Asks: 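Quick one: the structure is below, questions incoming.
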Amino acid sequence: MEKRLRLAPSPTGLLHIGTARTALFNWLYAKKNSGKFLIRIEDTDVVRSKAEYTKNILEGLKWLGLNWDEEPIKQSQRMTIHKNHIKRLLEIGAAYRCFTSESEILELREKQKTNGLPPKHDNRHRNLTSKEIEEFISQGRSSVIRFKIDEETEIKWEDQIRGEIKWRGKDLGGDLVLSRRALGYEIGDPLYNLAVVVDDNFMNITHVVRGEDHISNTAKQILIYRALDFKLPIFSHTPLILNSEGKKLSKRDSVTSIDEFKEMGYLPEALANYMAFLGWAIKTPESEILTLSEISKIFNLSEVNKAGAKFNWEKLNWINAQYIKKMELTKLSAFIKNYWIDMGWKSPSKEWDLKLTALIQDSMILLKDAVEQSKPFFSLSQIQKDGNEFLENKKEAKESLKYVLYYLKEENISKITNDKAQEIISKISTKHSIKKGILMKSLRVAFFGCLSGPDLIQSWELFSENKSDISLIERCLI
Ligand code: GLU
């Protein structure tokens, strides 16, 4: 039988790393089994759901390479179907109308609190007669529909990640509310646990893979599956993503939405590759740099950890750097160029762009590192303390720069090549007995303002093509 999995995001916020990781595990399992990965937008909360969030979630999934196989379903369009199923549950006696008012519920909670008991509905309207129902309605009381939960029932399922999970009816908080309040004999808007069962059944979902925060919902949903005589899917509950302190990763950890990772300069391939390791690990890794399609071949839900997965920035950065290192130069240059455009930086030629890209490629961790690393080639970098000390205290430092200027001007060199740069350095070193090291460090200070930076000769070539090498050297001699 075809394996059908789904992601069921609520569009009440931007695509979150937790939802994206759940999507990835669903996607990987579907691909591994030549199955289908589907999307259902759970937009029944009209106040919090927004079309822009749906757009953001779908775009984010696409960006990560998690394409879906069928047109996404919108839960809000299936309300009548959900209500029909509630009617059926009423008809077969599995559900009933409950008129307990908000204030009565509050009163019950308070009582339970003072007695140290957990909140639980007392199912007071489970056995109302039709006359009593009529009376409540004529008093203008609103009602919800509650699903009967037998206290004695035991719910058991084989979770693909956690093994056998058992739950008792009496621990589910009393009879379950299936719909919002409505007046008269109306049925109010259906709620999550009912809608999810009806829709997963309709979409022929064979495997439900979702966060561990849904475990108690699964217990409730299994009871609804049983009452409606629907075939049960196989459940898997993924571990939470934790921050470095072992707490659930949240907005306070500064980055949680996929957009933010994108803005920070992570590549989609790298982020997706890393996310696969959030709760799962390759048994015998030859390389951890793998495409999604490669991962899908070796991924197994039964190998996913039960314990929370700590978010490891160092590992993510390392993976991102590996992807940048092996990226095709023209592709990387196009990314970098966008940053330059944003900064208002203009380059002399496409060839120059590629050379500078190649120069910084290996030292980049994030795409946006390109801004810092290419900055000296576009705007004057101030001379730092170490650079200044070197120029002032190192005998022959300034002198060596004077010779560079002299040869550049005397030979009328308008563009330095690698060979020419080597030639000038050797000439100054032999003719004027200045150590090559001193000369090169002095040039580094002139170009970058400090004693560190990328390869000097290649940098010189770029500064020369940018026509800034002479003025950069001259500023050190004033
Ligand atoms: N809309 C639910 C959520 O975003 C879906 C849970 C599920 O997968 O059933 O948490």
Side-chain angles (χ1 to χ4, degrees), residues 1-12 14-44 49 51-78 81-82 159-161 192 195-211 214 218 221 225 230-238 258-259 262 267-280 290-304:
M1 199 172 74
E2 180 183 70
K3 293 193 169 49
R4 291 170 65 85
L5 291 95
R6 73 353 177 230
L7 179 77
S10 306
T12 52
L14 300 174
L15 177 61
H16 181 274
I17 179 90
T19 311
R21 199 273 312 255
T22 302
L24 175 63
F25 282 5
N26 274 282
W27 187 95
L28 289 170
Y29 194 71
K31 294 297 141 189
K32 182 188 172 89
N33 294 289
S34 313
K36 294 261 155 58
F37 171 62
L38 314 172
I39 299 206
R40 180 174 68 242
I41 302 291
E42 301 209 319
D43 54 348
T44 49
S49 297
E52 70 208 60
Y53 292 139
T54 300
K55 188 167 172 266
N56 176 273
I57 291 167
L58 295 179
E59 279 175 3
L61 293 173
K62 253 193 215 157
W63 181 72
L64 287 165
L66 303 175
N67 293 312
W68 47 95
D69 297 305
E70 289 172 13
E71 191 57 32
I73 283 186
K74 280 199 175 162
Q75 196 162 57
S76 58
Q77 290 171 355
R78 296 179 36 81
I81 297 163
H82 301 147
D159 194 286
Q160 283 202 105
I161 295 175
Y192 164 72
V196 101
V197 171
V198 172
D199 291 347
D200 280 342
N201 179 70
F202 167 75
M203 291 164 76
N204 292 318
I205 298 302
T206 57
H207 293 70
V208 170
V209 180
R210 58 187 169 200
H214 283 290
T218 298
Q221 288 168 22
Y225 272 97
F230 286 165
K231 192 172 180 316
L232 274 181
I234 293 170
F235 293 98
S236 308
H237 292 89
T238 58
I258 295 302
D259 272 4
K262 187 176 175 182
L267 288 164
E269 300 86 347
L271 185 56
N273 189 159
Y274 171 68
M275 283 196 312
F277 301 133
L278 273 172
W280 175 76
L290 297 165
T291 64
L292 287 186
S293 141
E294 286 165 339
I295 296 174
S296 75
K297 294 195 178 84
I298 51 173
F299 178 78
N300 245 321
L301 275 172
S302 56
E303 290 169 12
V304 171

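Keep in mind it's a predicted model, so treat the numbers as computed, not measured.
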Asks: At their closest point, which heavy atom of Trp68 faces which heavy atom of Ile39, and how far apart are they?
Replies: CE3-CD1, 3.5 Å
Asks: Taking only residues at least two apart or on different chains, which pairs with a member in residues 200-210 satisfy side chain to side chain donor-acceptor pair (under 3.5 Å)?
Replies: Arg6-Asp200, Arg40-Asp200, Tyr192-Arg210, Arg210-Thr218, Arg210-Gln221
Asks: Would you find a donor on one side and an acceptor on the other, under 3.5 Å apart, between the side chain of Lys32 and the backbone of Phe299?
Replies: yes
Asks: For Asp69 and Leu38, indicate whether the former's side chain and the latter's backbone hold a donor-acceptor pair under 3.5 Å.
Replies: no
Asks: Ignoring hydrogens and angles, tell me if any N or O in the side chain of Asp159 forms a donor-acceptor pair with the backbone of His237 under 3.5 Å.
Replies: yes
Asks: Looking at Lys74, I want to see if its NZ is surrounded by more than 12 non-hydrogen atoms of other residues, nucleotides or ligands under 6.0 Å.
Replies: no
Asks: Is the backbone of Ser76 close enough, under 3.5 Å, to the side chain of Asp43 for a donor and an acceptor to pair up by distance?
Replies: yes
Asks: Looking only at non-hydrogen atoms, find the nearest pair between Pro268 and Leu64 and report the distance.
Replies: O-CD2, 3.9 Å
Asks: When the ring planes of Phe230 and Tyr225 are compared, do they come out parallel, tilted or perpendicular, using 30° and 60° as the limits?
Replies: perpendicular
Asks: So, for Leu278 and Phe25, which heavy atoms are closest and what is the spacing to 0.1 Å?
Replies: O-CZ, 3.6 Å
Asks: Looking at Glu52, is its backbone amide N or carbonyl O close enough to the side chain of Asn56 to form a donor-acceptor pair, meaning the two atoms are under 3.5 Å apart?
Replies: no
Asks: Is the backbone N or O of Met203 less than 3.5 Å from a side-chain atom of Arg4, with the two atoms forming a donor-acceptor pair by type?
Replies: yes
